[in-house]
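Beneath this line is the structure, given in structure tokens, with notes to follow.
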Amino acid sequence: MATVKEEKMEVLPVKREHYSLIIGGERVESVSGETYTTYNPATGEAVATVAKASIEDAERAVQAARHAFDNGKWKRFPVGKRARVLNKIASIMRSRFNELVELEVLDSGKTISAAQGQVMQAIEDFEFYAGAIVGHRGNVNSMPGQFFNYTQKEPVGVCAQIIPWNYPLMMAAWKIAPALAAGCSVVLKPASLTPLTAIVLTEICHEAGVPEGVVNVLPGSGSKIGNYLVEHPIVDKVAFTGSTPIGKDIMAKASQTLKRVTLELGGKSPSLIFEDADVEAAVNGSLFGIFYNTGQSCEARSRIYIHESIYDQFIEKFVEKTKQLKLGNTLDAGTHVGAIISKDQLETIDSYVQSAIEDGATVLAGGKPAVVEGYEKGYWYEPTIIADVNHSMKAVKEEIFGPVAVVMKFKDEKEVIGLANDSEYGLASAIWTKDHARATRVANEIKSGIVMINTPFSAFPGTPFGGYKQSGFGRELSIETLDLYSETKSVLSYFGAKPLNPFGL
Ligand code: NAP
Ligand code: MG
């Protein structure tokens with residue numbers, strides 16, 4: 001009897017000096033031999049070197065994913081077995097929780113408390129999809145006479161998944177978990193600035209029993225590798241999270257081969273704080289809504305509308321607490337706000353703040369790059385609140401993607417709904433009121449994919465996450481995501497005793 005050769009990928013420490021590409025179940029270096037260094041944005045220190053994928057590597061990864069999809073066993077596994085592997089991925093991640101958290105903190109400059117929540121959610125995403133896929137199935141449809149019709153869900157195929165730097169591991173989980181659950185193959189392109197935890201997750205997938213070629217990871221240039229994947233004729237789907245301009249470019253390019261596309265893009269999400277809100281809770285929630293993850297969140301609540309009767313009270317507390325936020329040691333659980341991802345991003349944030357000042361706005365807190373003792377080589381920005389603004393200002397209309405909130409007064413419900421909806425984006429919104437009827441009424445009128453009522457939390461495994469308008473389309477993190485990684489096949493059969501002869505010949 002022939003023996004099956006099983007060469008498992010060697011398990012390496014989560015934190016190490018060098019990270020490779022993973023193609024066809026193997027750790028490989030770039031064909032070009034190129035590598036680059038990733039840095040900790042909080043300290044400016046080097047974290048590790050990473051193989052930098054070339055076009056040739058991308059081609060190999062696409063072919064490996066195609067081969068695994070067309071000829072491999074993953075999509076043919078009984079669904080319970082795929083679920084078992086997803087649960088195994090989660091349990092390995094759980095056993096390396098602290099190491100994954102530390103690596104995420106070092107590579108991204110975020111705080112340890114933020115990273116802990118995000119790594120935990122990434123784990124729970126795999127557990128969620130392990131359960132959800134078991135119930136994901138087709139229907140039997142009503143048919144006339146002797147006909148019978150059923151639908152079945154089939155995996156869409158090879159998926160290119162391109163993710164940003166703000167939630168490096170969580171975004172990788174949001175992408176890989178539903179794709180694997182549905183039976184697809186994946187080529188993941190992490191953000192160049194934060195590739196490390198996505199590489200480790202891909203290694204863990206192999207350790208847990210995902211067959212070779214089913215998940216491939218290609219750290220490398222977005223404009224080269226990302227673009228190559230989007231245009232590739234044998235890639236069936238692109239799932240992208242990132243900025244709106246690149247999302248538009250991807251949609252246009254993917255249309256050439258009619259790839260399935262899902263886009264999770266930018267936002268400029270509002271908080272609506274009504275006169276009957278619990279002001280303390282609204283202040284605390286708004287603080288988290290904008291300054292969590294250093295404001296580098298697509299769903300950051302960066303526009304805050306406050307009813308005129310509680311405006312002064314709200315602002316006094318909001319400014320006071322903003323000034324108490326601690327920046328600094330990202331590995332200390334007491335630090336509230338982490339670093340900005342890069343020098344470019346820091347300059348972008350500051351230019352938005354300066355433009356608001358030039359337009360006549362008033363800075364109530366922050367307003368400039370922060371000097372953090374002991375972290376002078378990192379990129380830091382003061383948690384910032386800007387008042388005296390209006391909807392013609394750039395800082396109010398555009399996504400800043402940093403720790404900057406704009407605050408405005410409103411008089412009544414109708415006015416604030418109009419203000420909230422006056423944006424090209426529509427990702428999330430938060431409503432703060434004790435009046436449940438009002439909360440529901442306003443939630444119905446708001447044009448955003450996510451509405452939070454009296455809570456700053458926007459995403460749990462199972463809750464659909466995605467936008468209206470130019471925030472993109474498609475929903476992640478939920479049962480319906482599985483449909484976006486599936487095709488529905490309709491199978492129609494005839495069981496009549498008399499053979500059919502429609503032309504009557
Ligand atoms: P980005 O510049 O759009 O980059 C996102 C990803 O796309 C990166 O992996 C990037 O690679 C790659 N990329 C760049 N150019 C590309 C191209 N021409 N073709 C294909 N891929 C390309 O965005 P970012 O600056 O990393 O992230 C911030 C943005 O993402 C914000 O606007 C934010 O709102 C949005 N975001 C949205 C969500 C959501 O769920 N809606 C979540 C997180 C972030 P490189 O790293 O090599 O450039
Ligand atoms: Mg980095």
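Computed from heavy atoms alone, side chains included, the values below leave out hydrogens, waters and symmetry copies. Start at 1 with the first residue, then count along the sequence.
Considering CD of Glu424 and CD of Glu399, their distance stands at 10.5 Å, rounded to 0.5 Å. Between Thr194 atom OG1 and Leu106 atom CG the span is 13.0 Å, to the nearest 0.5 Å. Between the CZ atom of Phe465 and the CG atom of Leu427 there is a distance of 5.0 Å, given to the nearest 0.5 Å. For the atom pair Lys15 NZ and Glu99 CD, the distance stands at 10.5 Å (nearest 0.5 Å). To the nearest 0.5 Å, atoms CZ (Arg60) and CG (Leu21) are separated by 8.5 Å. Here the CG-OG distance, from Leu263 to Ser471, works out to 11.0 Å after rounding to the nearest 0.5 Å.
Crowding of Lys447 atom NZ: a count of heavy atoms from other residues, nucleotides or ligands under 6.0 Å not exceeding 12. Within a 6.0 Å sphere centred on NZ of Lys469, other residues, nucleotides and ligands contribute more than 12 heavy atoms. Residue-environment remark: CD (Gln116) exceeds the threshold of 12 foreign heavy atoms within 6.0 Å. Annotation: Glu17, atom CD; neighbour count of heavy atoms from other residues, nucleotides and ligands within 6.0 Å does not exceed 12. By the neighbour-count criterion of 12 heavy atoms within 6.0 Å, atom CD of Gln354 is densely surrounded, having more than that number from other residues, nucleotides or ligands.
Among residues at least two apart or in separate chains, side-chain hydrogen bond (donor to acceptor under 3.5 Å, both in side chains) pairs with a member in residues 206-222 are Arg96-Glu207, Ser221-Ser223. Applying the salt bridge (Lys or Arg N to Asp or Glu O under 4.0 Å) test to residues at least two apart or on different chains, the pairs with a partner in residues 213-241 are Arg66-Asp236.
Using a 4.5 Å heavy-atom threshold, the side chains of Ile349 and Val404 count as touching. Side chains of Trp380 and Thr294 form no contact here, defined as non-hydrogen atoms less than 4.5 Å apart. Thr330 places none of its side-chain heavy atoms less than 4.5 Å from the side chain of Tyr375. You'll find the side chain of Gln256 stays beyond 4.5 Å of the side chain of Pro233, heavy atoms only. No side-chain heavy atom of Lys268 sits less than 4.5 Å from a side-chain heavy atom of Glu398. Considering only heavy atoms from C-beta on, Trp165 stays 4.5 Å or farther from Asp107 through its side chain. Looking at heavy atoms from C-beta onward, Met251 lies out of side-chain contact with Val238 at the 4.5 angstrom threshold. Looking only at side-chain heavy atoms (C-beta outward), Arg260 and Leu484 stay at 4.5 Å or farther from each other.
A salt bridge links Glu203 with Arg27: the closest approach of a Lys/Arg side-chain nitrogen to an acidic carboxylate oxygen falls below 4.0 angstrom. Checked for salt-bridge contact, Glu480 and Lys153 miss the test: no charged N lies under 4.0 Å from a carboxylate O. For the pair Lys368 and Glu382, the salt-bridge criterion is met [side-chain N within less than 4.0 Å of a carboxylate O]. The residues Glu347 and Lys343 are annotated as salt-bridged, a charged nitrogen and a carboxylate oxygen being separated by less than 4.0 angstrom. Salt bridge annotation for Asp57-Lys52: absent, with no cationic side-chain nitrogen under 4.0 angstrom from a carboxylate oxygen.
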In sequence, state the C-alpha distance, the side-chain angles, and the governing distance for Cys159 and Tyr485, and then conclude on side-chain contact (heavy atoms from CB on, under 4.5 Å).
CA-CA 8 Å; Cys159 304; Tyr485 284 97; 3.7 Å; yes
Checking side-chain hydrogen bond (donor to acceptor under 3.5 Å, both in side chains) for the pair Ser448/Ser429: CA distance, chi angles, key distance, verdict?
CA-CA 7 Å; Ser448 68; Ser429 43; 2.9 Å; yes
Show your working on side-chain hydrogen bond (donor to acceptor under 3.5 Å, both in side chains) between Ser20 and Glu29 and close with a plain yes or no.
CA-CA 6 Å; Ser20 310; Glu29 298 312 307; 2.6 Å; yes
Assess the residue pair Ser54 and Ser30 against the criterion (side-chain contact (heavy atoms from CB on, under 4.5 Å)); give the C-alpha distance rounded to whole Å, side-chain angles, the decisive distance to 0.1 Å, and a yes or no.
CA-CA 6 Å; Ser54 63; Ser30 167; 4.1 Å; yes
Report the C-alpha separation of Val210 and Thr202 in whole Å, then their side-chain angles, then the decisive distance to 0.1 Å, and conclude whether the side-chain contact (heavy atoms from CB on, under 4.5 Å) test is met.
CA-CA 9 Å; Val210 174; Thr202 306; over 6 Å; no
Run the numbers on Asp332 and Ile112 for side-chain contact (heavy atoms from CB on, under 4.5 Å), then give the verdict.
CA-CA 7 Å; Asp332 178 354; Ile112 190 164; 5.9 Å; no
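A donor-acceptor contact closer than 3.5 angstrom links the side chains of Tyr381 and Asp350. The closest side-chain donor-acceptor pair between Ser478 and Thr481 falls under 3.5 angstrom. Judged purely by distance below 3.5 Å, without hydrogens or angles, the side chains of Gln470 and Thr244 never pair a donor atom with an acceptor atom. Side-chain contact check for Ser108 and Lys110: no donor-acceptor pair (N or O, by modelled atom type) lies under 3.5 Å. A donor-acceptor contact under 3.5 angstrom links the side chains of Thr197 and Glu104, judged on distance only. Neither side chain, Tyr39 nor Glu45, offers a donor N or O lying under 3.5 Å from an acceptor on the other.
Ring to ring, Phe128 and Phe460 are not that close: their centroids are 6.0 angstrom or more apart.
Counting all heavy atoms, side chain and backbone alike, Gln345 lies closest to Phe401 at NE2-O, 3.0 Å. The shortest heavy-atom contact between Asn40 and Gly109 is OD1-CA, 3.9 Å. Summarising the geometry of Ala428 relative to Met452, their closest heavy-atom pair is CB-CE, 3.6 Å, with the distance given to 0.1 Å. For Ala356 against Ala395, the heavy-atom pair with the smallest separation is CB-CB, 3.8 Å. When all heavy atoms of Pro195 and Pro219 are compared, the closest pair comes out as CB-CB, 3.9 Å. Taking both residues in full, the closest heavy atoms of Ala420 and Pro270 are given as CB-CG, 3.8 Å, listed atom of the first, atom of the second, then distance.
Looking at residues two or more places apart in sequence or on another chain, you find no salt bridge (charged side-chain N to carboxylate O under 4.0 Å, His left out) involving Asp422. Remark: Arg137 engages no residue in a salt bridge (charged side-chain N to carboxylate O under 4.0 Å, His left out) (not counting sequence neighbours). For Glu154, the salt bridge (charged side-chain N to carboxylate O under 4.0 Å, His left out) partners at least two apart in sequence or on another chain are Lys489.
Ring geometry, His232 versus Tyr228: the interplanar angle exceeds 60°, so the pair is classed perpendicular (tilted spans 30 to 60°).
Val406 pairs in a side chain to side chain contact (heavy atoms under 4.5 Å, CB included) with only one of the listed residues (Lys397, Arg303, Met393), which is Arg303.
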Show me the side-chain donor-acceptor pairs of residues 166-180 shorter than 3.5 Å, one per line, residues at least two apart or across chains.
from, atom 1, to, atom 2, distance (Å)
Asn166, ND2, Gln296, O, 3.2
Tyr167, OH, Ser297, OG, 2.3
Trp174, NE1, Gln121, OE1, 2.8
Trp174, NE1, Asp125, OD2, 3.3
Lys175, NZ, Thr241, OG1, 2.6
Lys175, NZ, Glu476, OE1, 3.1
Lys175, NZ, Glu476, OE2, 2.7

